[in-house]
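So the structure is just underneath, and the comments pick up after that.
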Amino acid sequence: MSQDHSLNPESFPQDPAKATQEGKHKYIGLWFFLGGETVLFACLFATYLALHQSTAGGPSSQDLFGLELVFIMTILLLTSSLTSVYAIYHMKNNNFKKMQLWFGITALLGIAFLACEIYEFAHYIHEYEFTFRSSAFGSAFYTLVGFHGGHVVFGLSWLIALMVRNAKRGLSLYNAPKYNTFAIYWHFIDVVWVFIFTVVYLMGMVS
Amino acid sequence: MSIASTQNKGFGAILWDYLTTVDHKKIGNMYIAAGAFFFILGGIEALIIRIQLMAPENDFISAGLYNEMITMHGTTMIFLAATPILVGFMNAIMPLQIGARDVAFPFLNSLGFWLFLFGGIMLNLSWFLGGAPDAGWTAYTPLSTQSPGHGVDFYVMGLQLSGAGTLMGGINFLVTIVTMRAPGMTYMRMPLFTWTTFVASILILFAFPALTVGLFLLMFDRMFGSAFFDVALGGNSVIWQHLFWIFGHPEVYILILPAFGIFSEIFPVFAKKRLFGYSSMVFATFMIAFLGFMVWAHHMFTVGLGPVANAIFAVATMAIAVPTGIKIFNWLATMWGGSIRINSAMLWSLAFIPSFTIGGMTGVMLAASTADFQYHDTYFVVAHFHYVIVGGVVFGILAGLHYWWPKLFGKVLHEGMGKIAFWLFFIGFHLTFFIQHFLGLMGMPRRYWVFLENQGLDTGNLVSTIGAFLMALGSIVFVINVVYTTMKGEKASADPWGTGRTLEWAISSPAPEYNFKQLPLVRGLDPLWIEKMDGNVKMTPAEPLNDIHMPNGSILPLIMTIGFFIASLGFIYQVDSKAWLIVLYAGMAIALGCMLIRSLKDDHGFHIHKEDLEREAD
Amino acid sequence: MTDHTNKLNSFRRHKQKEEMKHQVITFALMIIFTLIAFLVVAAGMDKTYVIPVILTLAVVQVGFQFYYFMHMKDKGHEVIAALIYGGIWIAIITILTFTTIIWW
Amino acid sequence: MSRWMGKMKALIMLGFVAIVLSACGKENLTALDPKGYGAEQAMDIMILSIIIMVAVFIIVMLVFTIALVKFREKKGQEDYIPKQVEGNHTLEIVWTGIPIILVLVLAVPTVISVFDLADTTDASSSLNVEVTGNQYWWHFNYEGEEIQTSQDLYIPVGEKVYLDIQASDVIHSFWVPTISGKMDANPENVNTMYIEAYEEGVYWGKCAELCGPSHSLMDFKIVAVSPEEFDAWVEDMKNVDPEQTPQNAVATEGQELFEANNCMACHAIGSSPVATGPNLTNYANRTKIAGILEPTTENLVDWLLDPETIKPGNKMTGNYPSLSEEEANSIAEYLMQLDHSDVTPESAGN
Ligand code: HEA
Ligand code: HEA
Ligand code: CUA
Ligand SMILES: [Cu+2]
């Protein structure tokens with residue numbers, strides 16, 4: 001097995017992310033990891049659902065949540081999922097510049113999402129004095145949404161490190177799998193958010 | 001980095017080699033060694049427990065210390081002894097069995113090991129830093145949230161670290177098995193130990209996140225003032241119990257399935273007969289894993305979940321008897337009609353059958369929830385789980401050690417000492433735990449620092465203590481055997497048993513660092529046996545001799561782990577003084593820095609050249 | 001860079017275009033689902049009716065993510081899919097128990 | 001081979017010895033001699049399951065032993081290669097099917113009795129007692145009766161008594177092996193369970209959930225008396241005079257000390273709902289002191305002087321003024337004279 005990872009158009013493989021043995025490992029490994037993450041978030045959701053009415057006299061979900069911000073955040077994150085798909089599309093076409101561009105947009109959208117979330121938390125804390133320590137509901141809310149936020153932060157750091165690191169080197173069979181696994185991870189963050197906005201925010205507003 | 005250079009190195013070089021190694025065999029050996037160390041530690045704690053319970057109202061140790069002792073005994077044995085030793089076997093053996101040159105993620109593999117080791121160190125550090133955790137290995141809230149001092153904090157951080165390590169190991173094995181099987185090694189040709197590694201890894205993947213979440217919640221409550229388990233603020237203590245057991249029950253199958261795998265390797269080899277009902281064995285393994293996730297509330301029958309929940313979980317639990325029974329009978333049928341040779345490895349395997357059957361039976365008795373109202377939290381339960389764990393897992397580990405010792409270390413363990421150790425341990429084991437069934441039924445709850453006089457519990461407890469000391473004697477003989485064999489043992493051939501069936505016996509003992517010079521071509525189940533029966537001396541290679549790509553060693557996993565370790569101390573002590581936040585951040589910086597270096601620095605590995613390989617004798 | 005792309009064989013380029021089109025459609029559907037979910041809630045309809053609707057929408061949307069964006073529909077994803085479904089199964093029973101047999 | 005047989009024999013012997021031992025299990029503590037409804041239900045299931053288990057175990061051991069005897073490697077035939085059998089469908093179906101049937105045989109009665117024991121339909125027409133587990137003692141409040149007791153729970157024989165079990169701090173578990181299986185006392189909800197004692201007697205109770213250092217010392221008793229005696233006891237307990245004048249000077253001094261040292265902050269005499277510490281009404285008739293010591297004045301003095309060595313981590317230690325030996329003596333004398341009822345543990349026959 002030769003270790004020449006650089007790419008040229010003639011030898012450009014069907015799917016550069018899975019062309020090497022290491023690439024395949026990374027890809028499958030990340031997916032399995034997401035299987036575990038599913039259980040992790042399920043436990044957090046379950047805890048939240050068990051405690052979401054334990055407000056101990058403090059503010060409840062109906063008092064707190066508003067539709068507009070959550071909608072904006074949702075659109076931001078969903079769109080960032082699409083932009084990362086574009087990036088991968090360009091990767092498969094061996095177009096490194098465009099790939100970086102679309103991943104850049106993805107990162108920006110992610111940052112915007114995070115900004116909204118920080119604003120939201122600050123708002124709850126200052127306007128409603130609703131904190132992590134207020135009630136079991138508070139603890140469960142910040143933990144669930146915060147864990148998701150933490151995943152976003154981690155994803156962003158990962159992406160930015162990748163982009164900076166490879167800016168001058170271009171695409172290779174060595175780094176293509178890294179970009180690709182990032183993209184899958186990013187979609188998963190989106191998946192979790194879909195359930196957060198549905199279960200935490202939307203359901204929290206109706207019941 | 002050729003093979004010859006590993007000989008005749010100074011101590012420093014050898015140490016450095018182990019600190020930086022990413023070789024699955026060395027990591028496997030380190031897992032086993034560390035696990036053995038913790039087993040002795042946990043065993044000494046068990047002896048202290050038994051001394052305390054030797055006589056009624058004994059005060060060998062104080063009440064508080066007793067609670068620390070049982071907590072650390074349970075935690076150490078489960079998380080730091082049994083699990084890691086089995087993970088060690090998976091590491092060292094599974095890649096050989098599927099004809100792979102390493103695991104899929106060698107770097108992650110070493111990170112997983114160091115995380116486990118430092119998690120264990122963290123946990124045991126608590127003895128010296130103001131007291132060990134004292135809320136039981138199950139750490140039920142609110143006892144654990146209210147427990148004073150930092151004991152439970154060490155429990156939380158220690159398990160978090162070692163749990164992360166185990167999770168990495170699990171994913172690693174899964175990817176390895178899915179992608180790295182040798183040509184011809186289809187799923188249904190994989191040896192059962194590989195299968196059970198696969199299924200146990202799935203269990204790890206799905207069970208440990210529940211523990212992770214539980215530990216986070218406990219950590220937040222204890223260190224950051226959240227209210228998950230604080231009843232006054234609407235918290236709910238039963239959430240912890242669910243999270244713990246959603247993890248905890250699959251965990252016991254994480255322990256027993258690899259042990260089943262080991263027995264499934266040993267019985268055919270020493271009965272010289274193919275494993276009976278291979279496909280039903282695989283199927284049963286999956287059934288146990290599947291059902292294992294739907295029974296956790298059988299630990300919570302008395303919590304007050306209501307009759308519907310109790311009934312469902314009771315029936316689901318009993319159902320596990322069926323696939324396990326399939327396995328027991330398949331092993332019996334494997335021996336039936338064979339030509340059974342009894343040596344130490346086989347002795348442990350044979351002893352497993354009655355011992356584990358008793359333990360499984362009492363398990364089914366516990367599953368009958370009405371009766372569990374009586375058994376729960378008594379010595380009956382203690383007897384049950386030591387029968388399955390010691391009689392199943394520990395026997396499995398010891399059988400595996402005797403069986404694979406030549407492959408791991410190149411020497412055959414001394415038979416005579418092996419047998420002495422076996423009989424001492426085996427008799428001691430039944431003496432210790434059989435009587436505990438009755439102690440429980442006679443009204444002795446578990447986790448009792450003392451039992452009172454005149455309650456008819458004296459004789460039973462004394463017998464139990466005597467048994468524990470016999471087990472200790474047996475263990476000591478085993479340790480002597482290991483030392484003796486290391487110094488004087490006979491050198492082992494590639495297939496020291498002569499009847500090896502699987503691929504690990506096709507290569508020299510111990511295995512060379514690249515495992516297979518040429519990947520073997522697998523023509524069926526028990527590939528080596530097939531070649532032997534066809535009169536071939538060696539496996540047919542599936543590829544021409546070529547350069548072998550190897551991963552580079554790295555010190556980063558160790559440093560990264562130390563970073564997390566320091567950060568954990570910061571987490572624990574920032575409650576006392578905010579100055580500790582600096583330690584927290586420093587530790588995090590080290591760990592994240594290592595991650596950054598790892599992702600920024602390309603690591604292409606190196607090659608062992610064809611010429612060097614040719615030069616080596618077979 | 002574009003000349004590189006041009007040299008890729010046209011069949012592959014075509015297939016990728018096609019796939020991209022599917023993904024854009026997927027995205028559009030996801031946005032629509034999201035909109036519906038938010039609208040249903042904003043309209044203040046009855047809770048017993050709203051909750052199943054928005055949950056279904058979420059599940060379908062996530063299905064799209066997995067199968068189209070994350071390529072779980074592609075060949076070679078059998079083991080992956082099995083494990084993800086395993087995780088989902090455990091997620092379901094966990095959430096089910098936490099919403100039924102935990103008291104408040 | 002004989003070694004294996006010897007081992008089996010030893011095992012059976014051991015089991016036999018253990019069973020004999022169990023017969024000497026302390027009366028009214030063992031679960032093996034049920035004298036109450038719950039314990040009896042459990043016993044039925046236990047016996048059924050043990051029969052199944054022993055049968056299965058014998059079969060396994062039979063096959064195991066025969067295989068070992070018949071198919072050992074013979075001397076001189078080390079190279080013999082047995083036939084490599086892949087499997088056998090009929091056999092495999094048999095050993096899947098039979099365990100399924102056995103499991104069903106066990107599952108059905110289990111499910112029936114689970115629902116039976118959880119049936120609380122006649123709670124409103126029965127005696128209801130609120131049970132609270134505390135570190136490390138038990139409190140009983142007879143609902144609707146204005147009776148509060150601690151450590152000793154009086155119940156009428158042959159009647160269903162409903163217990164509403166709860167904890168004030170950490171989780172405990174209420175267990176009286178001879179009468180009924182256990183039920184957890186949780187801090188955030190009430191678990192209801194009923195008990196019914198068949199015979200008069202004093203039954204040992206234990207805390208069965210790790211709750212701190214003195215978890216093993218959190219004993220209590222159920223005193224089951226005849227319904228008539230129980231009614232008399234209820235009458236007596238309702239008419240307790242907390243200010244009752246003691247019989248002698250020492251005790252009178254004890255009473256004063258009891259008040260002066262503010263013991264009342266935690267302990268009530270009479271039906272006052274104070275429950276930071278055990279209710280001391282009718283103390284002269286307690287089966288035990290602090291749940292574990294014989295009810296003698298000396299033991300009580302020991303307790304008052306140094307509760308910590310007796311029950312490590314208890315919540316009384318350090319929370320009251322330290323007493324001189326003499327003071328403790330007086331208080332003990334006083335408490336040991338709190339004889340508020342003629343119905344005593346002795347009336348229950350123990
Ligand atoms: C390796 C570990 C291991 C294994 C394999 C098992 C296996 C089983 N366990 Fe055990 N268990 C523990 C470790 C383990 N357990 C631990 C550590 C605890 C206590 C935790 C704590 O509280 O600290 C515990 C506690 C525990 C409880 C809770 C008790 C309580 O706290 O009240 C229950 C209740 O149902 C239970 C049941 C079972 C069952 C049904 C099996 C089954 O898998 C057994 C199946 C096997 C057989 C049945 C034998 C072979 C089968 C045949 C020969 C076929 C024919 C059989 C029949 C028809 C019956 N276990
Ligand atoms: C893998 C799991 C495992 C293993 C192997 C063991 C092994 C043993 N266990 Fe334990 N045990 C648990 C898991 C395990 N246990 C758990 C989970 C609990 C519950 C904890 C809780 O309640 O929270 C428990 C609880 C528990 C109790 C109940 C405590 C209580 O409830 O109050 C008891 C009491 O007898 C006990 C005893 C023993 C004994 C005698 C052994 C013996 O088999 C040990 C034998 C080993 C040795 C004796 C080592 C000897 C070696 C040496 C002495 C070598 C010396 C070395 C040199 C000189 C170099 N264990
Ligand atoms: Cu209360 Cu144990
Ligand atoms: Cu279990």
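In what follows, chains are A, B, ... by sequence order, proteins preceding strands, each numbered from 1.
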- Query: Side chain, backbone, both or neither: which part of B:V450 has a heavy atom under 4.5 Å from chain D?
  - Reply: both
- Between B:G325, B:S237, B:S280, which has the largest tally of heavy atom pairs under 4.5 Å with chain D? B:S237
- Message: At a heavy-atom distance under 4.5 Å, which candidate from D:V63, D:D44, D:I165, D:V85 has the highest pair count against chain B?
- Response: D:V85
- Message: Can you tell me which portion of D:P312 sits under 4.5 Å from chain B's heavy atoms? Options are side chain, backbone, both or neither.
- Response: side chain
- Reference residue B:Y375; test ring pair (Phe, Tyr, Trp, His ring centres under 6.0 Å); the match among B:F438, B:F301, B:F380: B:F380
- Task: Counting only heavy atoms closer than 4.5 Å, note whether D:L210 contacts chain B via side chain, backbone, both or neither.
- Result: both
- Counting heavy-atom pairs under 4.5 angstrom with chain B, the leader among D:G313, D:G212, D:A167 is D:G212
- Which atoms of B:L452 approach chain D - backbone, side chain, both or neither, heavy atom under 4.5 Å: side chain
- Message: What I want to check is whether the side chains of B:Q374 and D:W175 have a donor and an acceptor closer together than 3.5 Å.
- Response: yes
- Query: Which pair of non-hydrogen atoms, one from B:I530 and one from B:G524, has the smallest distance, and what is that distance?
  - Reply: CD1-CA, 3.5 Å
- Note on the structure: From the list B:L457, B:V315, B:V308, B:I312, the residue making the most non-hydrogen contacts under 4.5 Å with chain D is B:V308
- Task: Taking atom NZ of D:K74 as the centre, report whether more than 12 heavy atoms of other residues, nucleotides or ligands fall under 6.0 Å from it.
- Result: yes
- Message: Only pairs of heavy atoms separated by less than 4.5 Å count here; which of D:S214, D:A185, D:S180 has the most with chain B?
- Response: D:S180
- Top residue by heavy-atom pair count (under 4.5 Å) with chain D, among B:I70, B:I353, B:N310, B:L525? B:I353
- Under a 4.5 Å heavy-atom cut-off, does chain B meet the side chain of D:L217, its backbone, both or neither? side chain
- Part of B:I326 lying under 4.5 Å from any heavy atom of chain D: both
- Query: Any chance the rings of B:Y448 and B:Y66 have centres within less than 6.0 Å?
  - Reply: no
- Query: With a 4.5 angstrom heavy-atom cut-off, which part of B:I328 approaches chain D: side chain, backbone, both or neither?
  - Reply: side chain
- Under 4.5 Å heavy-atom distance to chain B, tell me which part of D:L117 shows up: side chain, backbone, both or neither. side chain
- Note on the structure: Whatever's closer than 4.5 Å to a heavy atom in chain D on B:N67 counts as side chain
- Does the pair D:K182/D:E209 count as a salt bridge with the N-to-O cut at 4.0 Å? no
- D:S113-B:T370 side chain donor-acceptor pair, cut-off 3.5 Å: yes
- Message: Given heavy-atom pairs under 4.5 angstrom as the criterion, report whether the side chain, backbone, both or neither of D:E86 touches chain B.
- Response: both
- Part of B:V364 within contact of chain D (heavy atom distance under 4.5 Å): both
- Just give me the residue among B:W449, B:F451, B:F270 that pairs up with chain D most often, heavy atom to heavy atom, under 4.5 Å. B:W449
- Item | Region of D:L91 in contact with chain B, defined by heavy-atom distances below 4.5 Å | side chain
- Bottom line for D:A39: the part with an atom under 4.5 Å from chain B's heavy atoms is both
- Item | Top contributor to chain D interface from B:A371, B:A311, B:G338 [non-hydrogen pairs under 4.5 Å] | B:G338
- Do you know the tightest heavy-atom contact between B:I342 and B:L350? CD1-CD1, 3.8 Å
- Message: In this structure, is the centre-to-centre distance between the rings of B:H437 and B:F434 below 6.0 Å?
- Response: yes
- Item | Options B:L143, B:V231, B:L439, ranked by heavy-atom pairs under 4.5 Å with chain D, top entry | B:L143
- Message: Please report whether the ring centroid of B:F352 lies less than 6.0 Å from that of B:W331.
- Response: yes
- Let me know if B:A333 has heavy atoms under 4.5 Å from chain D in its side chain, its backbone, both or neither. side chain
- Task: Verify the distance criterion only: is there a donor paired with an acceptor across the side chains of D:N314 and D:T317 at less than 3.5 Å?
- Result: yes
- Counting heavy-atom pairs under 4.5 angstrom with chain B, the leader among D:I45, D:V111, D:N186, D:L106 is D:L106
- Side chain, backbone, both or neither: which part of B:M533 has an atom under 4.5 Å from a heavy atom of chain D? side chain
- Examine whether an atom of D:N88 lies under 4.5 Å from a heavy atom of chain B, and if so say whether it belongs to the side chain, the backbone or both; otherwise answer neither. both
- Note on the structure: Okay, B:Q146 and chain D: the region with an atom under 4.5 Å from a heavy atom over there is side chain
- Message: Regarding D:D219 and D:K206, does a basic nitrogen lie under 4.0 Å from an acidic carboxylate oxygen?
- Response: yes
- Most chain B-contacting option - heavy-atom pairs closer than 4.5 Å, from D:C207, D:S173, D:G38: D:C207
- With only heavy atoms counted, which part of B:A284 is less than 4.5 Å from chain D, the side chain, the backbone, both or neither? neither
- Task: Among the options D:V170, D:I100, D:V190, D:I50, pick out the one with the most heavy-atom pairs lying under 4.5 Å from chain B.
- Result: D:V170
- Ring center gap for B:W240 and B:Y140 short of 6.0 angstrom: no
- Task: For this output row, return yes or no: ring centroids of B:F426 and B:H430 closer than 6.0 angstrom.
- Result: yes
- Query: chain D heavy atoms under 4.5 Å from B:E453: which part of the residue, side chain, backbone, both or neither?
  - Reply: neither
- Item | Candidates B:R501, B:K272, B:R274 - the one meeting salt bridge (charged side-chain N to carboxylate O under 4.0 Å, His left out) with B:D526 | B:R501
- Do the side-chain N and O atoms of B:H298 and B:S369 include a donor-acceptor pair separated by under 3.5 angstrom? no
- Query: Between B:R447 and B:T138, do the side chains contain an N or O donor and an N or O acceptor separated by less than 3.5 Å?
  - Reply: yes
- Residue part contacting chain B, namely of D:T192, when any heavy atom lies under 4.5 Å: neither
- Side chains of B:T71 and B:D134, donor plus acceptor under 3.5 Å: no
- Message: When you compare the side chain of B:N330 with that of D:W95, does any pair of heavy atoms fall below 4.5 Å?
- Response: yes
- Message: At a 4.5 Å cut-off on heavy atoms, which part of B:T141 comes close to chain D: side chain, backbone, both, or neither?
- Response: backbone
